[in-house]
Amino acid sequence: MKYLKREISNKLVSILKTDYEINPGDVQFSIPPDRKFGDLSTTIPFVIARRIQEKPREVGEAILKEIKDGFDMFSEIKLAGGGFLNFRFKKDFLLSYLLENQDRQPEACPGKVIVEHTSINPNKSAHIGHLRNSCLGDTLNRALRFMGYQVEVQNYIDDTGVQVADVVWGLLVLRKMNLRQIREIENLAHYLWDLYSQVHKMVEEQEDITREIREVLKKIENKQDPEYSVSDYISREVLLNHIQLMEIAGIQYDLLVRESDIIELDFFAKAAEILKKNRIMYPSRDPEKEGCWVIRYDRENIEKIVIRSDQTVTYIGKDIAYALWKMGLLPGDFYYEEFYRYSDQHPLQMTRSKSHEPEFDFGHASRVYNVIGKRQSYLQNIISQVLDALESGNRGQDFVHFSYEMVALTPRCVQEMGFELTPELRTRAHIDVSGRRGIAVKADDLMEKLTEKSLEEVLSRNPDMKQEVADRIARQIAMGALRYFMVKFNSNSVIAFDFQDALTFEGDTGPYLQYTLVRLNSIFKKIGSQADESHPGPPDLDLLDEKELTIYHELLLHISLLDSQIEFALDSSELSVITSYTYVLCQKCNHYYHQFSILAEKNPRVRQLRLSLIGLIRKKLEVLFEIIGIPVPERM
RNA sequence: GCGCCUGUAGCUCAAUGGAUAGAGCGUUUGACUACGAAUCAAAAGGCUGGGGGUUCGAGUCCCUCCAGGCGCACCA
């Protein structure tokens with residue numbers, strides 16, 4: 001419909017531009033709420049009426065006269081309500097249009113897009129909040145690819161921070177372990193999860209521990225052993241754990257960018273030069289910030305410190321340097337080394353600070369999406385403002401903070417996990433997850449629970465199924481449930497997580513979608529095994545009765561929206577558009593084939609018509625599943 | 001104080017300024033000898049937090065009040 005809409009609006013504009021001042025951007029199409037109005041609707045009379053100060057209805061009538069005979073594809077163009085211009089497609093148009101274009105590839109878009117997502121501190125297990133980030137990020141990546149963009153997926157690894165030092169201290173001092181013993185820890189990420197919250201609790205209670213940890217951090221920075229080796233070991237090991245976990249969920253990256261390499265290569269020095277030259281960063285005149293270099297943040301009228309009075313760099317400094325590199329505005333580059341090879345042979349590169357294989361072409365994107373929680377808006381806005389202020393051009397709008405709200409837990413869920421709650425907390429709608437306190441559902445625990453539940457469901461329906469097959473299908477259903485769950489909410493809404501909701505496989509869920517497609521596939525499987533009958537001739541929608549035709553047409557119309565829905569999802573940074581579109585498509589499809597049988601239909605021409613429709617739906621669902629990252633089980 | 005976000009059915013959530021505010025769950029009722037019941041059909045359930053404004057048209061935009069959440073460190 002994207003191309004179709006473009007075609008129609010161009011034609012409209014070319015007819016109308018002699019009498020009115022309009023451009024294609026003014027023409028917005030929507031699907032009327034009731035088919036009695038037509039198939040496609042535009043509000044262009046309202047737009048023009050406002051512009052020339054006349055009544056919409058009258059403008060509409062004038063427009064109608066001009067365009068009435070200009071379109072082959074419509075059987076009817078009517079004016080309705082206060083000035084809606086409604087179009088009705090000729091009976092056979094949509095079906096043949098969709099059949100002709102079903103394998104159409106999107107036009108390649110120029111430039112490269114970077115999507116950064118996941119970016120989990122490599123010091124403990126990933127949790128449910130990280131999963132929302134990764135699922136959104138990966139769906140964003142897949143949607144962009146679908147639209148024809150070249151996408152590079154990056155995952156930023158903060159391997160230098162205090163979080164890592166916390167657990168290094170915990171291992172070396174608190175647990176008195178050496179590197180050899182640490183290497184023997186089974187499921188290190190889980191082990192560190194508990195250790196991290198224990199350390200954090202001690203830090204809150206005893207001040208001298210903070211000092212000890214700072215010492216550890218310093219040793220790590222100076223590459224002193226055993227602290228450095230331990231820190232290096234755990235950050236690599238935990239990172240690998242995260243990478244493999246995400247691979248199970250169908251999520252891959254192209255590049256891991258390590259903070260230690262940004263520091264080692266002193267990217268900030270290069271960034272600082274640019275910031276100073278553009279007078280974006282300057283020495284503060286505020287006596288309280290004496291010796292500090294700051295950036296002015298206009299929106300909230302404050303000065304943000306970038307270089308502290310002791311000349312060290314704050315968090316935002318590294319972020320700006322990284323942002324400049326992504327946008328191709330920083331002189332200099334990383335070196336690279338392969339970190340991991342996915343099971344489909346896709347290589348995952350990691351930055352290095354010393355020469356290895358510099359033969360890569362990462363960075364310098366024409367647009368960057370940072371999938372980061374809403375809480376970081378403040379910092380992301382500052383970076384965007386910085387990019388706008390550069391002499392080299394206003395690049396702020398190409399630096400997109402793809403923001404989303406947190407995953408929180410319902411009080412019931414927190415209690416189920418064995419945490420005590422104060423009466424005040426118990427009345428809250430939801431409770432923030434906290435890696436520091438260990439109050440969170442670990443990603444792998446959730447995935448395991450989902451898989452267990454799926455297996456139970458699969459076996460209850462297919463008691464004779466081989467264990468191996470059942471296991472595979474259970475995993476696919478679990479991942480379908482997870483990926484759908486993580487993008488189905490508006491990005492602005494906090495997900496109040498509860499096992500009861502998340503472990504549901506009925507209704508508005510991933511497994512519902514999978515079930516729909518599995519059943520469609522099973523129809524085609526049966527058709528394939530039946531002897532192919534003679535060609536029934538060209539499709540003729542007159543063969544369908546009125547009731548069926550209505551639903552049939554409704555489905556065609558809905559199918560035709562796929563590309564414009566993906567486009568809209570990207571334009572509005574709202575990926576739940578894709579899930580709800582898919583859900584409605586499945587609902588309509590189930591509704592249809594429940595009423596009209598396909599294999600049992602005697603008339604081969606009617607059967608062919610029905611097959612064409614569900615064949616189209618099947619194709620579109622495969623595309624949508626690919627974008628959301630939902631696997632297609634062979635059966636359920 | 002400054003800045004951002006949210007308030008829609010009992011619950012969880014949809015709705016691109018557009019026509020009669022929709023789904024799922026839950027409740028009540030029906031449909032498996034069927035292309036698979038993880039499905040489908042049906043019923044009940046709403047002054048879209050309150051009040052003003054803009055508009056041909058407001059759940060959506062503006063103002064205001066009420067109720068919640070989050071951010072604003074020489075932490076990362």
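To find a chain, count down the sequence lines: A is the first, B the second, and so on, and within it residues start at 1. As a basis for the values below, the full set of heavy atoms in this structure was taken, side chains included, without hydrogen atoms, waters or symmetry mates.
- Using Watson-Crick or G-U wobble geometry with both donor-acceptor distances under 3.5 Å, C4(B) finds its partner in G69(B).
- Side-chain atoms of Lys36(A) and base atoms of U20(B) include a donor and an acceptor less than 3.5 Å apart.
- Judged by distance alone with a 3.5 Å cut-off, no donor-acceptor contact links the side chain of Thr314(A) to the base of A73(B).
- The aromatic ring of Phe37(A) sits over the base of A19(B), with ring centres less than 5.5 Å apart and planes tilted by under 30°.
- The base-pairing partner of U48(B), taking Watson-Crick or G-U wobble contacts with both distances under 3.5 Å, does not exist among the strands shown.
- Between His558(A) and Tyr581(A), the ring planes lie parallel to each other; the angle is under 30°, not in the 30° to 60° tilted range.
- Aromatic stacking of Tyr378(A) on C72(B): not satisfied for centres closer than 5.5 Å together with planes under 30 degrees.
- Side-chain N/O atoms of Arg50(A) and base N/O atoms of G57(B) include a donor-acceptor pair closer than 3.5 Å.
- Side-chain atoms of Asn86(A) and base atoms of A19(B) include a donor and an acceptor less than 3.5 Å apart.
- Across the C1' atoms, C65(B) and A9(B) are found 26 Å apart, a figure rounded to whole Å.
- With hydrogens and angles left out, the side chain of Gln565(A) and the base of U16(B) share a donor-acceptor pair within 3.5 Å.
- Base pairing of C40(B) is made with G30(B), judged by Watson-Crick or G-U wobble geometry with both donor-acceptor distances under 3.5 Å.
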